Amino acid sequence: MDRIEAANDVAFRIGFSGHSGHLRLEPLPPVERLDPLKSLPDFVIPSAFEPVTRESIKKYMEKEYLSPELDRDEFSPEKVGRIWDSDWFERAKVHLEPTMPRSTIVPQWELPYRRSKKGNAQGIWEPSSVEVDVSELMEGAQDCGTLPRMPSSGKDFVRGSISNRPFRPGGLDDSQSSERVLPEGALNGEWIREILEGGPAQIVPPGFKQGLDLGDLKEYPCSWKISECKNVFSESCKEKVKGLSVQFDDLFKKAWEEDTIEVTHEDDATFEAPFPDGADVLKTKVEEEVYFSEATSDTLEIKVEMDFDATSSAMDSKSFGLDQLLSTDTGGSMSKIDGASDNSQLQKDAWAVKGGSEDIADRFHDLVPDMALDFPFELDTFQKEAIYYLEKGESVFVAAHTSAGKTVVAEYAFALASKHCTRAVYTAPIKTISNQKFRDFCGKFDVGLLTGDVSLRPEASCLIMTTEILRSMLYRGADIIRDIEWVIFDEVHYVNDVERGVVWEEVIIMLPRHVNIILLSATVPNTIEFADWIGRTKQKKIRVTGTTKRPVPLEHCLFYSGQLYKVCDGEDFLPQGLKTAKDVHKKKNLSASGGASGRHLGTGPSHGSAQVQQRENATRVKLQKPSGSQNFSISQGSSGTSQNNSGSKRWEASLWLSLISKLSKNSLLPVVIFCFSKNRCDKSADNLPGTDLTSSSEKSAIRIFCDKAFSRLKGSDRNLPQVVRVQNLLRKGIGVHHAGLLPIVKEVVEMLFCRGVIKVLFSTETFAMGVNAPARTVVFDSLRKFDGKGFRQLLPGEYTQMAGRAGRRGLDKIGTVIVMCRDEIPDERDLKHVIVGSATRLESQFRLTFIMILHLLRVEELKVEDMLKRSFAEFHAQKKLPEKQRLLMLKLAQPTKQIECIQGEPAIEEYYEMSMEAEEHRDFIFEKVMQSPTAQQFLSPGRVVVVKSESAQGHLLGVVVKTPSASSKQYIVLALRHDLPLLTQSASANDKSEVKGAGNFPQGYFIAPKSKRGFDDEYFSSASSRKGTGAINIKLPHRGSAAGVNYEVIAIEPKDFLSICNCKIKVDQVRLLEDDNSTAYSRTVQQLLDLKSGGNKYPAALDPIKDLKLKDIAVLDAYKRWNILLQKMSENKCNGCVKFQEHVLLVKEIFKHREEVNALKYQMSDEALQQMPDFQGRIDVLKEIGCIDSDLVVQMKGRVACEMNSGEELLCTECLFENQLDDLEPEEAVALMSAFVFQQKNASEPSLTPKLAKARKRLYDTAIRLGELQAYFKLQIAPDEYVQDNLKFGMMEVVYEWAKGTPFADICELTDVPEGLIVRTIVRLDEICREFRNAAAIMGNSTLYKKMETASNAIKRDIVFAASLYITGV
């Protein structure tokens, strides 16, 4: 405050002081002097904050930067289920670094003797500079593909974007090694020697003209002491070993790659190492002293001191290489812990390493002293093994039975991700499993959920999602992939699913190398094979562990006539129990047939065998709405009377009542009854109207739970028939669970069953896959199921999966599995196969899809051929490639034989090629000849023919003795055998003709002009002294000798005829085949020999054109080409050569070698892949419709197709580009789009408006056109089946009314589709609306974008989009 003057020169100043702000009066001197205090402010402002201390700063930093919080209003429970578009990544105000340069300048190192002698002004050598790609200098840049790019926007952080490049899949053959990453100079020892020895340093940075001279480097003397294991040599090799020297470059290159300096061991340390060539393992002691000094030369001598064993075998000194010199055994005791055994060296090529070491379980707490997650129970051995390997950062495959505790491994991976500040992803095949795991893990970890319609806490460190979502993230290059350390695949045996199994293979192949894999599966026979495929694909070891022991043993029983018969205890099948049940069944049938012949159906448990098929057929009738109680009828024959129906219902009810009563008395409740039909589940539950299994307290708990759960529904939805019906059943302790139920109803049933208040649950097999809810007992309504094509027996794997729900760990000592037997007892062989049979092997279901091809063509990280090679289907073929490559090198290294032609230029190869081509044409012609009716008429008894020979050099001249009959489809032919000595045994069948048609046929047979070909008009019919019976009394082949020539009677197929000659001879069929008359054989042989007397080897053949009247254009062309080749062969100079036969054999060997080499090259090429033809056809289809151009560059149409994941990609894309939705209102558009996602084949015909009917016809025509296009390009697709599989219009009317605001209860009356499938279809419809909206953004169609947004909002309401109880709680 300024100075205030008062009377008598009295001055003062007023101010405030202290935290309380008290007034202060300060007197001032009469004369103002310079005062430094005057510069201070008049008001002393009190402190607004507490004093700043170290602790307060730390607290502030933690609150502001280390404890981020979400907006409580935006992320409130009331808004659960909403798709957030909030750009939370950008709102975090994270500073983004500028884009990295694509290239940079680095020095190019040169060895001293290669350096230029002209240095700079000071005479110092300066390295030249070279421009290189930044990605080549970055560790892992090639393996992570997208590393040099900037992060994408926040909204694409989790889901990715179609404009992003995917991460480079791990395990590719051309992955960048440290040798590529590190500069050349860093791999050379000269640079370190110059630094250690001192001297001038380089001063000019790369790209600069001059630099800053800092003087010479100071000498730094040092030494290394290296103790290594060396091979033992014989005494004769001592001098060579002493003179061994190691190049400095190689020494430091090895040390750099190992990234460590060898550990100095004690002087008395000994090592063991395996020797090549089967040498014994011997112990040696080696000391190496390597000193670096100023006088060190370029080449260092390493002193090797060895103790030789007198009994050691002599070894070649060449086997002692630098790799053995620098290698050390660092495994130690850890190799024993990891399960390494003596035969581990033999299995070094195997990527799957089977666990089972007891050391891990015994020393678990020593090996893992600081666990990331503590469990309140003692872990099983396989769990300890898996956790130990996870701590080591290795991938694990855990195979164990249901309820064995595989989830413990997933929980520990979540804990490790939280500890390491990374992310873990848990994938499941079914959305129900994802929701349930979210509820289970929510209280333990920082968990988020990503499914098709829900996105909760995507920023969480532990994410639960369906496998399809993870595949989409990988293809779209989501930045969140960078943070993922673990990916957990649950229910891996789902890879056998025909429709969705390919997703697992795609994801495993596409995962980057920094991601570790955890696979959880039921017990399967080929666990090691599948793990070996994953390890070979990802180039990392896969630890395989698990257990075949069930935590709760099972006993298997048959239920027949009110009694239980034990047929299996654990893994031991008990035939005696099955025999007892069959004896009771026989007695019951005998008594029923004796005194109850007139009894009506339903008065007793005896049924006809035909009723089983009737009951199976009844389950496949048109689906009816399970909203109310309906009568369950089984027809007997064609009577169908109401008396029979009611009797069947009563008998069915009495059967279930007797079973439930038996289980209740034996304390075997709760029970899950598996029925393989939704209709069957509903009707079985409705057949128990008078059953009540709950107490009053349990009824109260059920009522309170249901009221809370259904309170989120609006009034009309709470009174839906299905909701009311299920609640009535639940109060009695009876539940129903199948895909036809509403999602919220299914969740209520699941939660109440887990609480133990539901005593009897009728369910389909999806309950065993999708819900972790074990019971005391499991019952199979039948051992047969309908798989979409027909009825079949249950597979052992399916039975094991469902039977595994029996037995609650910690509650039951034994789980009980019961098979219902109504009218017959299963066969022992079938029952044994189902119960104790081997589970289904994991088989590849990999197939190419258009969207997969487009995603891979869009980027360069992985080609389609690479994806095919790495599929499980190609695993065994790719595994054999190294062996085939070695075989190819051996083939190529073989010396090639040369043909020395005495006539100058060798023409035998040309002759051989023509003969092989001529034979192909002849085979084709005669195949057509034999198919013609005219040829069949000529092949009558007595017709002279030429047949193939399996052992002779030429072919055989013969005669038809007997034609095919009803009992035999073969011809009986007598053929001359000049190649065999008289009366000798048959030649081996493996001695086939080496050269077919290569000079073995004289010119008279092959090249006789048409004008000189005679036609013998003298036909002889087969005559006989008596009428034959048609029997063949000789044993074929029948051999003998006549007229100085061997003959043979054989039975041949029509394809074995080479030629039908134009002549016939007289044969006596009865005397030849029935009487075995030597005179008849002599006459027949003599007639054949007379036909050869003219000098020709074979008689002239029938002309295919003139005689056989063939008019096929292809046959005529082949016949013309055949004659031309025969003419050229006759003009070849090799004819008549004395070395003809020798050269023919030689050229055949050359061609065989060439074919083997070409076959090996083909097998190693991409063309040998199984699905390569399908790939080529799909590429042609994509080119035709404009998704890619001729250079395989993805066009805008292809980018739009990449957005389509819910429907068939080509069909959806064509619908958009043909503007089929432009003239439709949002409600009509979404109704038409329901055809893409509706899955039920049989549904009632919808009633459509004229506009919708026209749109439907237009879309149907588009689908037919696409189907015909794919069939045209040789894809295995029928247009009609393509339409039926990808377009189902049964829900169009329902969706149209729902989008217009019709209540759910009303739309259910429009169709016979169950309520659960209606909800599922509309939920998936919202996903495809979102995909169409993204596609519209790519196309730049703002009208379509807004229309899809409006349509999505119109269907997202009420019970269809009610939040899951697992997510929000009850």
Side-chain angles (χ1 to χ4, degrees), residues 61-72 74-75 77 80 84 86-92 94 144 151-152 154-160 167 368 370-375 386-387 389-396 407-428 433-451 454-467 469-470 472-474 477-490 507 511-520 1366-1367:
M61 296 290 289
E62 289 179 351
K63 181 179 179 181
E64 290 294 324
Y65 301 106
L66 302 181
S67 302
E69 295 182 358
L70 296 176
D71 190 335
R72 296 182 180 179
E74 289 292 330
F75 292 87
V80 167
W84 302 105
S86 175
D87 200 349
W88 53 269
F89 188 82
E90 291 184 358
R91 289 176 58 185
V94 178
C144 291
S152 58
K155 65 179 181 179
D156 299 329
F157 182 79
V158 176
R159 300 274 184 168
F167 286 80
V368 189
D370 183 21
M371 293 184 63
L373 179 65
D374 294 323
F375 297 94
I387 289 176
Y389 295 135
L390 294 187
E391 286 282 358
K392 292 181 63 179
E394 298 185 14
S395 298
V396 178
T407 309
V408 167
V409 183
E411 292 183 9
Y412 199 82
F414 275 6
L416 279 178
S418 301
K419 181 180 179 180
H420 298 163
C421 296
T422 56
R423 297 181 192 266
V425 170
Y426 180 98
T427 69
I433 301 180
S434 301
N435 292 339
Q436 190 178 38
K437 293 300 180 183
F438 177 80
R439 182 198 62 177
D440 296 342
F441 295 151
C442 208
K444 302 178 182 179
F445 309 104
D446 178 27
V447 184
L449 178 65
L450 293 175
T451 59
V454 176
S455 180
L456 290 178
R457 305 193 69 251
E459 75 282 356
S461 61
C462 304
L463 294 175
I464 300 174
M465 63 183 70
T466 55
T467 316
I469 296 294
L470 180 58
S472 176
M473 291 166 57
L474 289 168
D479 285 319
I480 198 174
I481 300 294
R482 304 176 190 274
D483 305 335
I484 296 177
E485 181 182 10
W486 306 98
V487 170
I488 305 154
F489 295 94
D490 199 2
V507 171
L511 283 175
R513 69 169 184 173
H514 71 271
V515 177
N516 292 318
I517 302 173
I518 300 174
L519 303 113
L520 309 178
Y1366 289 117
I1367 299 175

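This one's a predicted model, so the numbers in the text were calculated from it and none came from an experiment.
Using a 4.5 Å heavy-atom cutoff, the side chains of Phe375 and Ile387 are in contact. Counting only heavy atoms from C-beta outward, the side chains of Leu463 and Ile480 approach each other to under 4.5 Å. Residues Lys444 and Phe414 have side chains not in contact (no heavy-atom distance under 4.5 Å, counting atoms from C-beta outward). A 4.5 Å side-chain heavy-atom check between Leu450 and Arg159 finds at least one atom pair inside the cut-off. In this structure the side chain of Val409 never reaches within 4.5 angstrom of the side chain of Tyr389, judged on heavy atoms. With a 4.5 Å cut-off on side-chain heavy atoms, Met371 and Tyr412 count as touching. Using a 4.5 Å heavy-atom threshold, the side chains of Phe167 and Val515 count as separate. Side-chain contact check for Leu474 versus Leu511: some heavy-atom pair is nearer than 4.5 Å.
The backbone N or O of Arg423 lies less than 3.5 Å from no partner atom in the side chain of Asp483, so there is not a single donor-acceptor pair. Thr427 contributes a side-chain N or O that, together with a main-chain N or O of Ile488, makes up a donor-acceptor pair within less than 3.5 Å.
For the atom pair SG of Cys462 and CG of Leu416, the computed distance is 10.0 Å after rounding to the nearest 0.5 Å. Rounded to the nearest 0.5 Å, atoms CE (Met473) and CG (Asp479) are 10.0 Å apart. Here Glu459 contributes atom CD and Asp446 contributes atom CG; the two are 7.0 Å apart, rounded to the nearest 0.5 Å. Atom-to-atom distance recorded for Leu449:CG and Ile1367:CD1 is 5.0 Å, nearest 0.5 angstrom. With rounding to the nearest 0.5 Å, the separation of CG in Asn516 from CD in Glu394 is 8.5 Å.
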